[in-house]
Colleague: 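Before I ask anything, let me first share the structure, which is written out below as structure tokens.
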Amino acid sequence: MLTLQFVPYTEIKDLSSIGRIRKLLNLAKENKIVLLEGRLSKEEEAELIKTTMEEINATFRGIELAVINPNENEQDVFTRFKATLASTLLGNKQGFTIVGPATIIKSIKRDPNKLQLLMKDAGSKSRRSKKRRR
Amino acid sequence: MKLKFMDFINGIFKAIFKRKKLIRLGVYGPVNVGKTTLANRICKDWIGEELGTVSKIPHETREIQVKEKVKIRSNSKELDFNIIDTPGIVTKIDYEDFMKFKLSEKESKQRAKEATKGVIEAIKWLENVDAVLVVLDSTENPYNQVNITIIGNLAARNIPVLIVANKIDLRKAKIKRVQNAFPQYRTVGISAEKGKNMEDFYEALFELIK
């Protein structure tokens, strides 16, 4: 069964960077797809990738990650200023972050306006392991 | 008068013995976009030797590779670079993917283990570069979280970035799509393998450093 867990920004707001990364990674390792309100800082995103690499083993193959920030490529100076001000006052609450285990999500396809989660065929893994068992 | 003369002498000495700044140029990007092919092309163009091996199997570069003091010239200017080729950054590594390239299970697991270490090293080295070439495959969708994270981290550190849309010799290449994805940065389209548009690339590199 596939679990999608929503994490509101209030749940990570007071956590340290390590705490935020740990929370997201632990949920992904429990085979849950996490939909986080808001986003990590760019440094935290890099740290999340680094920590993921440190923890890859025979069962955990890594994560799929996508951050959607509607104001990211905003060219209008005033809109950018508003977004920066909101981030300063409220934290990185704008946008969404999706994190899921690579064993479940095959890939995340995105373009500026749309995001597609391509899931792994549930049978493919078991078929592969069956083949090897023979 | 005496002071002016001393300044003049000092100026001459400084001009003679001034040490040229060595620019640490990082080559970053996702896996199999041609980072090592580009690093090899630069090294071959200016010092006549290559930096690393390339392969169709992902994660061929699993360690940071540095070629020191590569002197590059463009439009009568000259700069010295340390070229730092980094392993491709990914969020997942599955050893079974390597077995599709006919590697044994043991070899695949070893390659996966080394590849994870390579990604960690590449991220750590973000602290040690003065400018970065972010190499992207112009035939692929540029809206990839790894690309966005790398570029975002470089921006947060105020490190100058040149986006290199590689593989423009291929029919599916779309430089415009890469430019549209990262409009804040200059994008230059090249084929590192075929040596296409390298003059524009060197010009853009010097623009980046100035």
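Chain letters run A, B, ... following the sequence lines, proteins first, then strands; residues in each count from 1. What you see below is based on every heavy atom in this structure, not just the backbone, and it leaves out hydrogens, waters and symmetry mates.
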Colleague: What are the two closest heavy atoms between Gly189(B) and Ile175(B), and how far apart are they?
Modeller: CA-CD1, 3.9 Å

Colleague: Where on Glu47(A) is there a heavy atom nearer than 4.5 Å to chain B: the side chain, the backbone, both, or neither?
Modeller: neither

Colleague: So which residue, Ala58(A), Pro101(A), Ala66(A), ends up with the most heavy-atom pairs under 4.5 Å with chain B?
Modeller: Ala66(A)

Colleague: For residues Glu49(B) and Cys43(B), report the shortest heavy-atom separation together with the two atoms involved.
Modeller: O-CB, 3.0 Å

Colleague: In terms of heavy-atom pairs under 4.5 Å with chain A, which of Val90(B), Ile150(B), Ile89(B) leads?
Modeller: Val90(B)

Colleague: With rounding to the nearest 0.5 Å, note down the distance linking OH in Tyr95(B) to CD in Glu107(B).
Modeller: 14.0 Å

Colleague: Report which part of Asn141(B) has an atom under 4.5 Å of a heavy atom belonging to chain A: side chain, backbone, both, or neither.
Modeller: side chain

Colleague: Check Lys42(A) with Glu45(A), please: is the shortest side-chain N to carboxylate O separation under 4.0 Å?
Modeller: yes

Colleague: Examine Lys29(A) relative to Phe60(A) and say whether NZ or CZ is less than 6.0 Å from the centre of the six-membered ring and inside a 45° cone about the ring axis.
Modeller: yes

Colleague: Got a sec, which pairs hit side-chain hydrogen bond (donor to acceptor under 3.5 Å, both in side chains) with one end in residues 50-60 of chain B, sequence neighbours left out?
Modeller: Thr53(B)-Glu60(B), Glu60(B)-Arg111(B)

Colleague: Taking only heavy atoms into account, what residues of residues 49-57 of chain A are found under 4.5 Å from chain B?
Modeller: Ile49(A), Lys50(A), Thr52(A), Met53(A), Glu54(A), Ile56(A)

Colleague: Indicate whether the side chain of Asn75(B) and that of Tyr202(B) have a donor and an acceptor atom separated by less than 3.5 Å.
Modeller: no

Colleague: Can you give me the closest heavy-atom contact between Val33(B) and Val135(B), atom names plus distance?
Modeller: CG2-O, 3.3 Å

